[in-house]
Amino acid sequence: MLPAALRRWLRRPKRSDPRLLSQFFFADERVTRVVADINGLDAELDPQQYLVLLNQLHLSQAQLLAVIERIMEECIPTQRHSRDYLVKFPEELLVDNLGNHMLFAAECLLAGSFLEVEEAEGAQLRPRARNLLCSLELVRALLREQSLSQPGTYSEPVRAALMQFDRLFAEFELSYVSSLVAVKSPDEIYRQQEIIVLFCETVERALRLGYLTQEMIDGYEPLLMFTIPRLAIISGLLIYPEGPLSLERSPEQMSRVFSPFYNLLMKIRDLLRVLSAEELCLLERSLCAAEAEDPCSSVTPPAWGEAVPRVAPHTPWGLLESPHTTPAHHSLMGRLGAVDNPCTESPQHPPGPWLEATPGPRCSELRAHYSSTRDMLHTLFVCISGVADQLQTNFASDLRSILKTVFKIVASPAETSEETGSSKNEDGDLCAGDVPHVADCPLCPSPRDATGLRRAGARSRPEWVPDSTCSHCSACRAPFTLLRRRHHCRSCGKIFCARCSPHTAALPHYGQPRPVRVCTHCHATHLSSWRTRTR
């Protein structure tokens, strides 16, 4: 009978084997080898080499966890433990290597190393860390044996071990992160969803009134990160007073994003209620512009409740320069929709929801604190902008998450396969005239080859374009911003925005058996021809 080591060597999978269990075998082997090197090294004699090996250990563990994650998706896709708790985490924690951080934290807890957790919380986390690491060792042992016997199938013990590891990992992740940072409660998550709805309604209203354009939204203009929260404050206080910015609630019942500004929001609401439709329109249009374009920026904003001495205006605003004797009202009711004139009743339109709370004498009293409409609008501009801009500073993570969801909802949908399907020929390939053009495509050496036929068996991968040399999408030429990120096409190596690289495809001629990101040009031009030849 052959020795166990010889049997192991004979059954050893090949490195070219694309199956996940074979990939796990070599990832596990790398971790074992690095751990053996660390155990055989004296850290005091060679601290530099110890740090190098420690970094290699972290990288090899990250690769091992990535393979195990893919195995769980393939083996137990419908039996995975829920990860809904991730919505409670701050967005900056949701990184790709969060799992590796959790594994490192579990090892430190079990070894008694220093971590930024209280002693009582550490004592509660230590049993979870021990169970997690023991479960991981069991999974590694079972998968190792499976990869040497039948690398194409998963036995029932393997499935049970994977489900247990998945559950223990999720429980430790939630407990550990909750001990480090303040996670959102279910009520706070619901309130944040209400704010997302308010922001979406605000964007729809701004599009309807012409404050914003769909091109600005589809282009992810950076200015919108300031404009949308500013307009949402007006919408939440004036247009949708029963929504998430309702001041009938106590500050504790509001979202933590807006609750610190409760008193200031009440004063902003009182002033908004005395505006005419024309004044509200002017205020909203000024809030949609950059701060430097504020026509009242040269005037120091008056304090709430103080009378302001008259100052000669630097820029004419027509009727808005006159003192507050009788405010002029123009017929903008039809354009502003839900915005009614709070100071005079209109026979054609019902009074706004704020009319009862602010009768005519109250309007005059509030206006009397300011020398002109210009001063009052400038005060509103400064205060609303101040609240919205403070959100960018104090609640950057929450606001970024809210805006990201809003853009997903209000942006124009990407072209679907049904739209592009009409331009396919009888063989199912796109016609050459419908293929999006990409300048200097390395796979299209000449216009004659622009329909994209690569020679069968070619394996030379085009060189990737460096991020620092590309500031615009290679297809639509849109500039890259904080929200419009760079994405490399794995086929041609050029850089595109997300809308121009929405496809995935396997690239076996480049050694990529699993689907990876490709641009629309390569997907329609080159890869369709490759698939046709390999059928």
Side-chain angles (χ1 to χ4, degrees), residues 82-96 98 101 116 173-206 212 217 220-237 239-266 268-269 287-288 291 383-411 481-485 498:
S82 174
R83 293 299 195 278
D84 292 343
Y85 61 82
L86 290 176
V87 299
K88 301 180 179 181
F89 293 176
E91 188 180 359
E92 56 266 19
L93 290 183
L94 301 178
V95 293
D96 293 337
L98 179 61
H101 290 318
E116 294 183 359
E173 185 176 44
L174 176 58
S175 302
Y176 179 70
V177 174
S178 299
S179 67
L180 290 180
V181 297
V183 298
K184 300 174 187 174
S185 65
D187 289 340
E188 180 60 32
I189 294 173
Y190 178 76
R191 292 167 190 158
Q192 186 164 308
Q193 291 174 344
E194 285 186 321
I195 295 177
I196 292 174
V197 174
L198 172 64
F199 276 40
C200 291
E201 294 288 347
T202 299
V203 172
E204 288 188 8
R205 178 173 175 270
L212 305 177
I217 296 172
Y220 299 101
E221 291 291 338
L223 183 62
L224 295 180
M225 298 184 66
F226 299 92
T227 299
I228 294 177
R230 293 176 181 179
L231 295 180
I233 291 174
I234 294 181
S235 296
L237 296 176
I239 313 301
Y240 309 106
E242 303 299 326
L245 294 190
S246 173
L247 300 179
E248 301 303 322
R249 312 175 184 179
S250 64
E252 293 76 17
Q253 294 175 317
M254 294 180 67
S255 171
R256 66 175 184 176
V257 175
F258 285 101
S259 60
F261 312 102
Y262 185 84
N263 293 331
L264 183 56
L265 289 175
M266 289 191 67
I268 292 174
R269 181 197 62 182
L287 290 171
C288 292
E291 290 181 330
C383 293
I384 293 174
S385 299
V387 172
D389 297 349
Q390 280 294 311
L391 299 180
Q392 301 279 354
T393 304
N394 300 340
F395 303 96
S397 176
D398 293 312
L399 188 62
R400 186 164 55 246
S401 176
I402 291 171
L403 289 174
K404 184 183 297 184
T405 305
V406 170
F407 276 112
K408 289 181 180 178
I409 296 173
V410 301
T481 64
L482 181 64
L483 295 175
R484 187 187 294 113
R485 310 299 296 273

[X] and [Y]: which non-hydrogen atoms are nearest, and at how many Å?
X: Gln192; Y: Ser401; value: NE2-OG, 3.8 Å
X: Tyr262; Y: Arg249; value: OH-O, 2.9 Å
X: Phe261; Y: Gln390; value: CZ-CB, 3.6 Å
X: Leu231; Y: Cys288; value: CD1-SG, 3.7 Å
X: Phe395; Y: Val257; value: CE1-O, 3.5 Å
X: Ala232; Y: Leu198; value: O-CD2, 3.8 Å

Rounded to the nearest 0.5 Å, what separation is found between the [atom1] atom of [X] and the [atom2] atom of [Y]?
X: Ile402; Y: Ser397; atom1: CD1; atom2: OG; result: 9.5 Å
X: Phe226; Y: Leu403; atom1: CZ; atom2: CG; result: 10.5 Å
X: Asp187; Y: Glu252; atom1: CG; atom2: CD; result: 13.0 Å
X: Glu188; Y: Arg256; atom1: CD; atom2: CZ; result: 5.5 Å
X: Leu237; Y: Ile384; atom1: CG; atom2: CD1; result: 7.5 Å
X: Glu194; Y: Tyr240; atom1: CD; atom2: OH; result: 14.0 Å

Quick check: do [X] and [Y] have side-chain heavy atoms less than 4.5 Å from each other?
X: Arg205; Y: Ser235; answer: yes
X: Leu399; Y: Pro229; answer: yes
X: Thr405; Y: Phe199; answer: no
X: Ile268; Y: Val387; answer: yes
X: Leu265; Y: Met254; answer: yes
X: Arg191; Y: Pro244; answer: no

Can any side-chain N or O of Arg269 pair as donor or acceptor with the backbone N or O of Gly236 at less than 3.5 Å?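 Side chain of Arg269 to backbone of Gly236, a donor-acceptor pair under 3.5 Å: no, none is there.
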Worksheet item: Judged by atom type as modelled, is there a donor-acceptor pair below 3.5 Å linking the side chain of Gln253 to the main-chain atoms of Ser250?
Response: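 Answer holds: yes.
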Could you walk me through whether Glu221 and Thr227 pass the side chain to side chain contact (heavy atoms under 4.5 Å, CB included) check? CA-CA 10 Å; Glu221 291 291 338; Thr227 299; over 6 Å; no
Aromatic plane relationship, Phe407 with Tyr220 - under 30° parallel, 30 to 60° tilted, over 60° perpendicular =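 Tilted.
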Could you walk me through whether Thr202 and Val406 pass side chain to side chain contact (heavy atoms under 4.5 Å, CB included), step by step?
CA-CA 10 Å; Thr202 299; Val406 170; over 6 Å; no
* Asked: Under the side chain to side chain contact (heavy atoms under 4.5 Å, CB included) criterion, do Leu287 and Ile233 qualify, and how do the steps go?
  -> CA-CA 11 Å; Leu287 290 171; Ile233 291 174; over 6 Å; no
